[in-house]
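All figures in this text were calculated on a predicted structure; none of them were measured in a lab.
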Amino acid sequence: METKNLIIRESIFSDCQFFADWESNPVVSDFFTIDDDRDYESVVKEYIDCDRQDKFLQMTLTLKPSEGPIGRLVISNINERNDSLKIARIYIADPQNRNKGYGKEAMKKILEYAFLNLHMERVTVTTFPKNKAAEHLLDSLGFTNEGVLRNAGKKNGRYMDLLLKSMIRAEYLDSRQ
């Protein structure tokens with residue numbers, strides 16, 4: 001998939017080194033249910049586990065024209081019976097590439113893919129309630145608050161509340177007009 005500034009491609013095994021470096025950095029991991037002791041081995045195990053399942057898509061965000069990796073996107077809970085999926089993780093890793101609209105650009109393309117190519121009816125995403133940047137991005141894209149999922153995530157052995165947001169196909173189609 002391509003946007004003006006990005007190529008969004010399926011992740012490959014060699015991307016795990018980038019993911020491990022990025023996800024061990026608190027700048028990236030603070031707002032995810034990623035433990036602080038995350039290392040290359042745990043990233044590889046997760047990558048292989050997800051790769052074996054039909055309910056996951058692992059994507060790498062690359063910047064044009066160099067196609068150098070700058071972020072990650074993971075789709076989970078792909079449910080063809082209910083036509084729904086969850087955007088489980090999306091981030092732009094390097095702070096120098098943040099606040100340039102790349103995350104929004106990637107999300108718009110993934111929503112297009114979910115609703116128009118996969119014919120999903122519902123897309124959900126969760127975030128930590130204190131992640132105001134993510135909440136602002138999701139709101140700007142048209143996601144609706146569904147509520148707080150109490151103790152729905154775990155980070156460093158502690159349960160965390162997650163804010164659940166969703167978008168349905170009609171809302172997506174209305175937002176394109």
Side-chain angles (χ1 to χ4, degrees), residues 1-12 15-35 38 43 46-47 49-51 53 55-64 67-79 84-118 120 122-146 149 152-153 155 160 162-168 171-172 175:
M1 292 179 268
E2 286 194 43
T3 67
K4 177 183 173 193
N5 297 299
L6 303 172
I7 295 173
I8 304 169
R9 61 165 172 79
E10 192 171 333
S11 297
I12 56 176
D15 291 335
C16 289
Q17 187 60 59
F18 292 109
F19 303 155
D21 290 344
W22 297 336
E23 293 173 10
S24 65
N25 183 341
V27 170
V28 172
S29 66
D30 270 356
F31 292 117
F32 292 106
T33 53
I34 298 172
D35 290 340
R38 188 161 172 89
V43 168
E46 178 187 76
Y47 173 83
D49 288 347
C50 292
D51 197 48
Q53 298 180 44
K55 298 188 182 305
F56 284 87
L57 287 174
Q58 300 180 90
M59 313 295 277
T60 301
L61 309 176
T62 64
L63 189 59
K64 291 179 182 177
E67 297 184 30
I70 64 163
R72 184 177 192 192
L73 187 142
V74 178
I75 296 172
S76 67
N77 300 351
I78 300 170
N79 184 324
S84 66
L85 61 78
K86 176 183 178 183
I87 299 171
R89 188 176 303 156
I90 181 170
Y91 60 79
I92 304 299
D94 188 341
Q96 292 180 345
N97 286 320
R98 292 184 178 180
N99 300 313
K100 295 184 177 183
Y102 299 145
K104 188 170 190 172
E105 198 172 319
M107 283 292 290
K108 283 182 173 183
K109 192 64 171 180
I110 291 304
L111 290 171
E112 175 186 300
Y113 177 70
F115 289 116
L116 302 183
N117 295 80
L118 297 179
M120 292 290 139
R122 175 180 163 84
V123 171
T124 61
V125 63
T126 57
T127 185
F128 288 168
K130 66 181 181 177
N131 188 347
K132 298 305 178 190
E135 191 171 358
H136 175 74
L137 170 64
L138 297 169
D139 290 345
S140 76
L141 291 166
F143 278 84
T144 300
N145 284 336
E146 289 199 356
L149 302 170
K155 182 175 181 76
M160 309 291 288
L162 297 174
L163 177 62
L164 175 64
K165 291 181 163 283
S166 69
M167 181 182 292
I168 60 174
E171 293 165 340
Y172 171 77
S175 73

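Of all heavy-atom pairs between W22 and G71, the closest is CH2-N, 3.4 Å. When all heavy atoms of T127 and A134 are compared, the closest pair comes out as OG1-CB, 3.6 Å.
How far CZ of R89 is from CZ of F31: 15.0 Å, rounded to the nearest 0.5 Å. Between I92 atom CD1 and R98 atom CZ the span is 8.0 Å, to the nearest 0.5 Å. Atom CD of residue E23 and atom CZ of residue F18 lie 13.0 Å apart, to the nearest 0.5 angstrom. For the atom pair CG (D30) and CG (N131), the distance works out to 9.5 Å, reported to the nearest 0.5 Å. Remark: L85 CG to L118 CG distance equals 6.5 Å, nearest 0.5 Å. Atom CG of L149 is separated from atom CG of L162 by 6.0 Å, given to the nearest 0.5 angstrom.
For the pair K104 (side chain) and K100 (backbone), a donor-acceptor distance under 3.5 Å is absent. Formation of a donor-acceptor pair under 3.5 Å by the E171 side chain with backbone atoms of I168 is found in this model. Of the possible polar contacts, none joining the D35 side chain to the R38 backbone as a donor-acceptor pair under 3.5 Å is found. Panel note: side chain Y47, backbone S11; a donor-acceptor pair is recorded below 3.5 Å. For the pair K86 (side chain) and S76 (backbone), a donor-acceptor distance under 3.5 Å is absent.
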Q) After noting the C-alpha distance and the side-chain angles of F32 and K155, does the key distance pass the side chain to side chain contact (heavy atoms under 4.5 Å, CB included) rule? A) CA-CA 8 Å; F32 292 106; K155 182 175 181 76; 5.6 Å; no
Q: For N5 and Y102, run side chain to side chain contact (heavy atoms under 4.5 Å, CB included): C-alpha distance rounded to whole Å, both residues' side-chain angles, the deciding distance at 0.1 Å, then the answer.
A: CA-CA 7 Å; N5 297 299; Y102 299 145; 3.7 Å; yes
Q: Given side chain to side chain contact (heavy atoms under 4.5 Å, CB included), test L164 with T124 step by step and report yes or no.
A: CA-CA 7 Å; L164 175 64; T124 61; 4.0 Å; yes
Q: Check the pair D51 / Q58 against side chain to side chain contact (heavy atoms under 4.5 Å, CB included), numbers first and verdict last.
A: CA-CA 8 Å; D51 197 48; Q58 300 180 90; 4.0 Å; yes
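For Q17, the CD atom sits in a packed shell: over 12 heavy atoms of surrounding residues, nucleotides or ligands are nearer than 6.0 Å. Counting non-hydrogen atoms of other residues, nucleotides and ligands closer than 6.0 Å to NZ of K130 gives a total of 12 or fewer.
For the pair M107/I90, a side-chain contact is recorded, criterion being any heavy-atom separation below 4.5 Å from C-beta on. Within the 4.5 Å cutoff, side-chain heavy atoms of Y172 are placed close to those of E112. When side chains are defined from C-beta on, F143 counts as touching L111, because their heavy atoms get closer than 4.5 Å. Residues I110 and I75 are in side-chain contact: their nearest non-hydrogen atoms beyond the backbone lie under 4.5 Å apart. Within the 4.5 Å cutoff, the side chain of V123 has no heavy atoms near those of the S166 side chain. You'll find the side chain of K165 reaches within 4.5 Å of the side chain of L138, heavy atoms only. T62 has its side chain out of reach of L6: every pair of non-hydrogen atoms, C-beta onward, lies at least 4.5 Å apart. Looking at L61 and R72, their side chains never come closer than 4.5 Å, going by heavy atoms from C-beta outward.
The pair E105-K108 does not meet the salt-bridge criterion, since no charged nitrogen lies less than 4.0 angstrom from a carboxylate oxygen. Using a cutoff of 4.0 Å between basic side-chain nitrogens and carboxylate oxygens, E146 and R122 are scored as salt-bridged. Between R9 and E2 there is no salt bridge, since no side-chain N of the basic residue sits under 4.0 Å from a carboxylate O of the acidic one.
Taking K132 as the reference, E135 meet the salt bridge (Lys or Arg N to Asp or Glu O under 4.0 Å) condition, with sequence neighbours excluded.
Side-chain contact of D15 with T60: a donor-acceptor pair under 3.5 Å is present, judged by distance alone. The closest side-chain donor-acceptor pair between D49 and Q53, if any, does not fall under 3.5 angstrom.
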